[in-house]
Protein chains: 2
Amino acid sequence: MKLKKKDRQEQLNQAIEQTPFITDEELAEQFQVSIQTIRLDRMELGIPEVRKRIESVAQENWDETLKALPADEVIGEVIDLELDQSAISILDIQAEHVFSRNHIARGHHLFAQANSLCVAVIDDELALTVNASIQFKRSVRLNERVVAKAKVIHTDKKRTTVEVNSHVEKELVFSGTFEMYRSTD
Amino acid sequence: MKLKKKDRQEQLNQAIEQTPFITDEELAEQFQVSIQTIRLDRMELGIPEVRKRIESVAQENWDETLKALPADEVIGEVIDLELDQSAISILDIQAEHVFSRNHIARGHHLFAQANSLCVAVIDDELALTVNASIQFKRSVRLNERVVAKAKVIHTDKKRTTVEVNSHVEKELVFSGTFEMYRSTD
DNA sequence: TCCAGTATTATGACTAGGTCCTAATAGTAA
DNA sequence: TTACTATTAGGACCTAGTCATAATACTGGA
């Protein structure tokens, strides 16, 4: 027996969510109803046509591509910077940063925040990490805000040593010492 | 004076690359030529129509959404894994991994490859990095392939120490020692 | 200056995947 | 049987094209 209207619309909703690229014609085939019925259903459910659906999926992607473009950007948001002296950045831990199982932030994100802050604080064309010694003091969870403070503690001709301490609220969660190579080449 | 065909086509290419959502009509307006000219240009350059461009951007996004779902995934591709003993992964350095200025891979990607490999090698529910001591031996460049080898060198009740060495060809580019906390909680 | 060849524009027929509106038919429940 | 909802059908119109043909404009060289 064919599905009742309500059930069909429910399934339609799911089908489109899963495969937004599907046309009305294909949906009509799938549910064994006419194209017009599919269209009426879409109207009632407020679902736009394929091309608009595709466009909005594309739009999301494009926004993210733009965000990713300045690849030299610091991981997190820099809120204070004194070149060759100190810098502070914040990173809000979101779903993409955590293990899905336990909602604990993956270590490399904290590392990335600290490491890129070290690159940013150095007033030279080129800054590369040579060595680093780091400690993860406690695990960071979803929705926590990590504040990383970098402080230049030593500089000579080619090398700069930077110390980074990251806190959530008042609690130290990460600390590291980074030895950086730099040049104005 | 209006642009010559060659110059226009060059700029057209760029314009579409930057804003793939633009229609022929808008492009015709922008370059002050007829729609037909824009279409001829597209044909010659092998550029598909807006809706196809939008669809391919959307398709990329969709693929990535599916890929991104297993957020617990290892950075790089695991090609060998013996639980609690050793593991090997490869990471091909692509545009998104490097500084745009000098095409040198950003340190945190090498760290992420190594760190996530340490997580993967541990045969427990939970594995978190506690300490790490790392050295970047030489900078890695665009299109190079980094092979990371992880080896468990010590284990007790709650802690596991893993050593990771990453090579490009025969050359050591990164090495680190990771102290991991784990539990079957 | 004219001529050839290239570049540009115009026009018309056709397409996919729709919207919007009207109208006919089918199914169901009181 | 009647009333109402659900479904289907049809036609006009839309956008953003493709493909083919033809006319016009521009430009460099003999």
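Sequence lines set the chain letters: A, B, ... in the order given, protein chains first and strands last, and positions in each chain run from 1.
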**Asked** So, do B:I79 and B:I90 sit near enough that their side-chain heavy atoms are less than 4.5 Å apart?
**Response** yes

Side-chain atoms of B:L40 come closest, of D:dT8, C:dT9, D:dG17, to C:dT9

Exercise. Given side chains that start at C-beta, do those of A:I134 and B:F111 come closer than 4.5 Å, heavy atoms only?
Worked result: yes

Separation of C:dT15 atom P from B:K52 atom NZ, nearest Å, is 15 Å

Between B:V50 and B:I22, is any pair of side-chain heavy atoms under 4.5 Å apart?
no

Q. B:T37 side chain to B:V33 main-chain N or O, any donor-acceptor pair under 3.5 Å?
A. no

Taken to the nearest whole Å, CZ/A:F31 to P/D:dA6 is 17 Å

With B:Y181 as partner, the option from B:T129, B:V130, B:I122 fulfilling side-chain contact (heavy atoms from CB on, under 4.5 Å) is B:V130

B:K5 NZ to D:dG28 P, in whole Å, measures 15 Å

In whole angstroms, the gap separating P of D:dA6 from CG of A:D41 amounts to 10 Å

Is it the case that C:dG17 (base atoms only) and A:R51 (side chain only) share a donor and an acceptor within less than 3.5 Å, ignoring hydrogens and angles?
yes

Check your understanding: side-chain hydrogen bond (donor to acceptor under 3.5 Å, both in side chains) between A:T161 and A:E179: does it pass, once the steps are laid out?
Key -> CA-CA 5 Å; A:T161 308; A:E179 193 184 332; 5.6 Å; no

Within 6.0 angstrom of A:E44 CD, more than 12 heavy atoms from elsewhere: yes

Between A:F178 and B:F136, is the ring centroid distance below 6.0 Å?
no

Atom CD of A:E26 and atom P of C:dA16 are separated, to the nearest Å, by 13 Å

Discussion item. As a quick check of understanding, evaluate side chain to side chain contact (heavy atoms under 4.5 Å, CB included) for B:T155 and B:R182, giving each step before the final call.
Written reply: CA-CA 10 Å; B:T155 287; B:R182 62 185 164 60; 3.1 Å; yes

Rounded to whole Å, the CD1-P distance (B:I38 to C:dA10) equals 13 Å

With B for base contact, S for sugar-phosphate-only contact and - for none (protein heavy atoms under 4.0 Å), nucleotides 24-30 of chain C reads -------

When you measure from the side chain of B:R53 to the backbone N and O of B:P20, does any donor-acceptor pair fall under 3.5 Å?
yes

Between CD of A:E55 and P of C:dG18 the distance, given in whole Å, is 14 Å

Looking only at D:dT8, C:dG18, D:dA16, the nucleotide nearest the A:V50 side chain is C:dG18

Ranking C:dT8, D:dT8, C:dG17 by distance to the side chain of A:E25, first place goes to C:dG17

Here the residues of residues 6-22 of chain A within 4.0 Å heavy-atom distance, strictly under, of DNA chain D are A:R8

Here the pair of heavy atoms bringing A:L117 nearest to A:A150 is CD2-CB, 3.7 Å

Just checking, any donor-acceptor pair under 3.5 angstrom between side chains of B:S89 and B:Q113?
yes

Show me the protein contacts with nucleotides 18-20 of chain D, counting only N or O atoms at under 3.5 Å.
from, atom 1, to, atom 2, distance (Å)
D:dT18, OP1, B:R42, NH1, 3.1
D:dT18, OP1, B:R42, NH2, 3.3
D:dT18, OP2, B:R42, NH2, 3.0

Does C:dT9 have OP1 or OP2 sitting under 4.0 Å from an N or O in the side chain of B:T37?
yes

Original post:
How is A:I35 classified with respect to the nucleic acid when contacts are heavy atoms under 4.0 Å: base, sugar-phosphate, or nothing?
Top reply: nothing

Q) Is the distance from OP1 or OP2 of C:dT9 to the nearest side-chain N or O of B:S34 less than 4.0 Å? A) yes

